[in-house]
Amino acid sequence: ITLRVLGGESDIEYRVRHLLENANPTAAIYCKTGECEIRITARAETDSSAEKMCRAYATKFYDLLGDAVYDEDVAGLEETVVHTLQRKGLTLATAESCTGGMVAASLVDYPGISECLYEAHVTYANEAKVKYCGVKPETLAAFGAVSEQTAFEMASGLRERSGADIAVATTGIAGPGGGTKEKPVGLVYVACADRHGVTVERLQLGGDRARVRRLATLKALDMVRRAAIRG
């Protein structure tokens, strides 16, 4: 069994380190930017016995990590999001500033996404945020493009205009330039709108431009996943 887990390597490894020392089943952790995979293997007389041992041991990781474990035996979070949208019969629209289309691009790798993805916009310019998402010019003037208020209006406006069940939006400062004392490099807002309302998360991300964009993309995908599960 391979568990896919969102979060930083050091935090996850700290929480589960005692489970990595077991002789049988064994568990090993492999990490990349923003997520880890935990591979559980067992030795037994039959495959079914080994599988039962792995399943029982996996519950210990679930107990410690909770819903940070987003799936099992998948290639990545993108695959999980597509499968969840398909299973629930839900549609998605995206509006991306700092991630520049990475959210949408990561999803279109998977067959059947055409059933789910209504439309995708790269809304770098303020004018694009107004045109495609219905962000109020006065919101941009008062709070700026990188703000909780703008992210909120991007997601809520896009959902209303597109007719999609879920809309996700990103806006932030990926760097290396463009930051200020009030809004430093790595500040990102991700918003997700569904029938239950709008959720906005503020992130302060470290690392280079590529890392900031990847982590923001993971957050957007996870918010879509959670919204799809809610239905």
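None of these values were measured; they are calculated from a predicted model.
- Considering CE of M53 and CD1 of I40, their distance stands at 11.5 Å, rounded to 0.5 Å.
- Remark: side-chain polar atoms of E153 are paired, donor with acceptor, to backbone N or O of K136 under 3.5 angstrom.
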Handout entry: Chi angles and distances behind the side chain to side chain contact (heavy atoms under 4.5 Å, CB included) call for R230, R195
Key = CA-CA 9 Å; R230 286 194 302 268; R195 67 186 182 90; over 6 Å; no
Exercise for the section: Decide salt bridge (charged side-chain N to carboxylate O under 4.0 Å, His left out) for E78 and R214; before the verdict, give the C-alpha distance in whole Å, the side-chain angles of both, and the deciding distance to 0.1 Å. Expected result: CA-CA 12 Å; E78 299 87 349; R214 176 58 182 162; 3.1 Å; yes
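- Shortest non-hydrogen contact noted between I229 and K88 is O-NZ, 3.2 Å.
- Although no hydrogens or angles enter the test, the distance criterion places a donor-acceptor pair under 3.5 Å between the side chain of T150 and the main chain of G144.
- Residues L20 and I12 share a single hydrophobic cluster, defined by chaining ILVMFWY side chains whose heavy atoms lie under 4.5 Å apart.
- When all heavy atoms of A155 and A193 are compared, the pair lying nearest together is O-CB, 3.6 Å.
- Checking side-chain atoms of R4 against main-chain N and O of V74 turns up a donor-acceptor pair under 3.5 Å.
- R161 contributes a side-chain N or O that, together with a main-chain N or O of K131, makes up a donor-acceptor pair within less than 3.5 Å.
- Summarising the geometry, atom CZ belonging to R209 is positioned 6.0 Å from atom CZ belonging to R213; distances are rounded to the nearest 0.5 Å.
- Side-chain N or O atoms of Q86 include one that pairs as donor or acceptor with a backbone N or O of G112 at under 3.5 Å.
- Among residue pairs with one or both ends in residues 167-184, those qualifying as side-chain hydrogen bond (donor to acceptor under 3.5 Å, both in side chains) are T99-T170; sequence neighbours excluded.
- The closest donor-acceptor contact from the side chain of R226 to the backbone of M223 lies at 3.5 Å or more, if one exists at all.
- Atom CZ of F61 has more than 12 heavy atoms from other residues, nucleotides or ligands within 6.0 Å.
- A donor-acceptor pair under 3.5 Å is formed between the side chain of D165 and the backbone N or O of T91.
- Contact check on K60 versus D63 returns no salt bridge, with no Lys/Arg side-chain nitrogen under 4.0 Å from an Asp/Glu carboxylate oxygen.
- Side-chain atoms of R225 do not come within 3.5 Å of backbone N or O of T84 as any donor-acceptor pair.
- A donor-acceptor pair under 3.5 Å is formed between the side chain of Y57 and the backbone N or O of L19.
- Proximity of V16 to V5: side-chain heavy atoms (C-beta onward) are nowhere separated by under 4.5 Å.
- A continuous path of ILVMFWY side-chain contacts below 4.5 Å connects L117 to L90, so both sit in one hydrophobic cluster.
- More than 12 heavy atoms of other residues, nucleotides or ligands shown are found within 6.0 angstrom of CD on E21.
- N126 and A145 get closest at one heavy-atom pair: OD1-CB, 3.4 Å.
- Hydrophobic clustering, with ILVMFWY side chains joined whenever heavy atoms are under 4.5 angstrom apart, keeps V82 apart from Y118.
- In this structure, CD1 on I38 lies 5.5 Å from CG on L65, to the nearest 0.5 angstrom.
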Exercise for the section: Show the numbers, then the answer: is there a side chain to side chain contact (heavy atoms under 4.5 Å, CB included) between L215 and L203? Expected result: CA-CA 9 Å; L215 290 175; L203 312 175; 6.0 Å; no
Exercise for the section: In sequence, state the C-alpha distance, the side-chain angles, and the governing distance for E13 and C36, and then conclude on side chain to side chain contact (heavy atoms under 4.5 Å, CB included). Expected result: CA-CA 9 Å; E13 195 160 10; C36 299; over 6 Å; no
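- In terms of heavy atoms, L221 sits closest to V81 at O-CG2, 3.4 Å.
- Put simply, CG on L77 and CG on D71 are 9.0 Å apart, with the number rounded to the nearest 0.5 Å.
- Using a 4.5 Å cut-off between side-chain heavy atoms of Ile, Leu, Val, Met, Phe, Trp and Tyr, with links allowed through other members, V190 and V198 fall into different hydrophobic clusters.
- Residues V168 and V212 are members of one and the same hydrophobic cluster, defined by side-chain heavy-atom contacts under 4.5 angstrom among Ile, Leu, Val, Met, Phe, Trp and Tyr.
- Within 6.0 Å of atom OH in Y110, more than 12 heavy atoms from other residues, nucleotides or ligands are found, so the atom counts as buried in its surroundings.
- We find the OG1-CD distance between T139 and E148 to be 12.0 Å, quoted to the nearest 0.5 Å.
- Between the side chain of Q204 and the main chain of V185, a donor-acceptor pair closer than 3.5 Å is present.
- Within the 4.5 Å cutoff, the side chain of E201 has no heavy atoms near those of the V188 side chain.
- No hydrogens or angles considered: a donor-acceptor pair under 3.5 Å links the side chains of Y70 and E35.
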Practice task
May I have the step-by-step check of side chain to side chain contact (heavy atoms under 4.5 Å, CB included) for L64 and H18, ending in yes or no?
Solution key: CA-CA 11 Å; L64 288 172; H18 63 288; 3.6 Å; yes
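- Summarising the geometry, atom CG belonging to L205 is positioned 11.5 Å from atom CD1 belonging to I173; distances are rounded to the nearest 0.5 Å.
- When every heavy atom of A44 is checked against every heavy atom of A50, the shortest pair comes out as CB-N, 3.6 Å.
- Residues E72 and L3 approach most closely at CG-CD2, 3.6 Å, considering heavy atoms.
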